[in-house]
Amino acid sequence: MAHEVIKRIEEAGPELASLAEENERLGKLSDRTAELLRQTGVIRLLQPTDFGGYAAHPRDFAAAVMAIAANDPAAGWVSGVVGVHPWELAQMDRKLQQEIWGEDPDTWVASPYMPNGVADPIENDSYVLSGRWPFSSGSDHCQWDFLGALKGTGAGAPIMPPEVMHVVLPRSDYELVEDSWDVVGLSGTGSKDVVVDQAVIPAYRTVTQADISDGTASARSGRPEAVYKLSFGVMFPLGITAAVVGICEGALKTHLEIQKDRVAVTGVQVRDDPYVLHAAGEAAAEIEASRVQLIEGISRLHDMIEDGIEPSIEDRSNQRRNQVRCAWRAVSALDEIFARSGGVAIRKSSPMQRYWRDAHVGLQHMIHVDGAPYHSNALHKMGLETPPGMLVTI
């Protein structure tokens, strides 16, 4: 049975689709698009119930992101990225959760997790941080930001071996660089650069990447729901890959609508062209396979935890391997139908070209780089040791 959030997304779908071109022109989500997303509740799916969320099954989160992305890729991407942050916040200090959601449970948090600054410890159990971080998706509509940082020695240098932290800053502690998002796809996400200058961050607004990755933060949070016991390495990529699969679903639907009445240059109606129809049927199967595999995989890990079984590293590695493959499979299928959509598909007035560009830009995200996930999974399958650096994204 569809989650209530997904039902609201289906109702809002036509208006979301109608706003996609405006979002691309603006270089960020329009205020109306952000309002619609708030009304659907998609960003609160993984938020804890005591702060106005649903603590939903991750399959519902993935399905919701896909449904939004099928109508507007940029809105789907922001939903997938911003929507996973409540999951991590739920495992952090409750004082921070109260600060963010206490007055408004619809407060959004953006992120770039790359450790572009050094968080230097100072007095009063705090850190000071400066730096510049690119790719803060949806940041125009967010009041807080997750940033990656290297823990410092107190003298401006990172400790060795390096220790990565996730730190959370309010909007008053950072600036957005307005002209920093000039890209060929996913323009409507407004993934701008964030600049921080000597921000003081109390320790309760921080968590180490190791703690959020190995379950230490989850155990400390005391939250009983299985969703908060999943690993960062499978939850963070979920929303991003779901967005890419949803984009491909939207492209397939648009392609089929175009082909229904199109007449090829040969004079043959496309509905009678076996080659175009074969490609469409094959693409539909591949895109659906990506949807099913992504959702089934995260559901299996979630249900293992509900049954009291801790997923092994190999279980998590299998999910990461499959998650990467889902994205590549879906975009490859999109390429096949785009190549057979006719000249009309390349016109800027056609949503096909936007779906195609946005899907490929989504594939550029580091979680879709296939080398390490495939490499480490093969090592697991052979019973060989995995280099520690490869375990970070699992």
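Because the structure is predicted, anything quoted here is derived from the model rather than measured.
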Tell me if the [atom1] atom of [X] is crowded by more than 12 foreign heavy atoms within 6.0 Å.
{"X": "I346", "atom1": "CD1", "answer": "no"}
{"X": "Q39", "atom1": "CD", "answer": "yes"}
{"X": "E163", "atom1": "CD", "answer": "yes"}
{"X": "E288", "atom1": "CD", "answer": "no"}

Do side-chain atoms of [X] reach the backbone of [Y] as a donor and acceptor pair under 3.5 angstrom?
{"X": "D335", "Y": "S332", "value": "no"}
{"X": "D358", "Y": "P73", "value": "no"}
{"X": "N71", "Y": "A17", "value": "no"}
{"X": "Y355", "Y": "A70", "value": "yes"}
{"X": "S30", "Y": "L26", "value": "no"}
{"X": "H141", "Y": "L29", "value": "yes"}
{"X": "T153", "Y": "A157", "value": "yes"}
{"X": "R44", "Y": "G52", "value": "yes"}
{"X": "R340", "Y": "E336", "value": "yes"}

Quick one: closest heavy-atom pair of [X] and [Y], and the distance?
{"X": "I68", "Y": "S79", "answer": "CD1-OG, 3.4 Å"}
{"X": "G190", "Y": "S139", "answer": "O-OG, 3.4 Å"}
{"X": "W181", "Y": "S191", "answer": "CE3-O, 3.1 Å"}
{"X": "A280", "Y": "I337", "answer": "CA-CG2, 4.0 Å"}
{"X": "S376", "Y": "I394", "answer": "OG-CD1, 3.6 Å"}
{"X": "R320", "Y": "P237", "answer": "CD-CG, 4.0 Å"}

Within the structure provided, determine whether [X] and [Y] are in side-chain contact (heavy-atom separation under 4.5 Å).
{"X": "R300", "Y": "I295", "result": "no"}
{"X": "I201", "Y": "V128", "result": "no"}
{"X": "E88", "Y": "H166", "result": "yes"}
{"X": "Y174", "Y": "V195", "result": "no"}
{"X": "I100", "Y": "L89", "result": "yes"}
{"X": "V344", "Y": "I258", "result": "yes"}
{"X": "D307", "Y": "M304", "result": "no"}
{"X": "I367", "Y": "F236", "result": "yes"}

Look at the aromatic rings of H365 and H368 and report parallel, tilted or perpendicular, splitting at 30° and 60°.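 Taking H368 first and then H365, their aromatic rings stand perpendicular (interplane angle over 60°).
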Kindly state whether the ring of [X] and the ring of [Y] have centres lying under 6.0 angstrom apart.
{"X": "F338", "Y": "H255", "answer": "no"}
{"X": "Y113", "Y": "F135", "answer": "no"}
{"X": "F61", "Y": "Y54", "answer": "no"}

Check ion pair [X]-[Y] (N to O, under 4.0 angstrom):
{"X": "E35", "Y": "R32", "answer": "yes"}
{"X": "R325", "Y": "D370", "answer": "no"}
{"X": "R223", "Y": "D50", "answer": "yes"}
{"X": "E99", "Y": "R205", "answer": "yes"}
{"X": "R357", "Y": "E24", "answer": "yes"}
{"X": "K381", "Y": "E314", "answer": "yes"}

Could you walk me through whether R38 and D106 pass the salt bridge (Lys or Arg N to Asp or Glu O under 4.0 Å) test, one step at a time? CA-CA 7 Å; R38 285 191 167 91; D106 274 318; 5.3 Å; no
Apply salt bridge (Lys or Arg N to Asp or Glu O under 4.0 Å) to R8 and E4, showing your working. CA-CA 6 Å; R8 289 198 288 270; E4 61 184 273; 3.2 Å; yes
[Y] and [X] side chains, donor-acceptor separation under 3.5 Å:
{"X": "Q323", "Y": "T241", "result": "yes"}
{"X": "T33", "Y": "D72", "result": "no"}
{"X": "S126", "Y": "N124", "result": "no"}

Rounded to the nearest 0.5 Å, how far does OG of S111 lie from CG of D145?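 The distance works out to 6.5 Å.
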Are [X] and [Y] connected in the hydrophobic side-chain network, where two residues link if heavy atoms are under 4.5 Å apart?
{"X": "W144", "Y": "V194", "value": "no"}
{"X": "V109", "Y": "V227", "value": "yes"}
{"X": "M92", "Y": "L147", "value": "no"}
{"X": "Y204", "Y": "L169", "value": "no"}
{"X": "I287", "Y": "I240", "value": "no"}

Salt bridge (Lys or Arg N to Asp or Glu O under 4.0 Å) assessment of D211 paired with R220: CA-CA 10 Å; D211 281 358; R220 198 162 50 222; 3.4 Å; yes
By the definition side-chain contact (heavy atoms from CB on, under 4.5 Å), identify the one residue from V177, L176, N116 that meets it with D193.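 When V177, L176, N116 are each tested with D193, the side-chain contact (heavy atoms from CB on, under 4.5 Å) holds only for V177.
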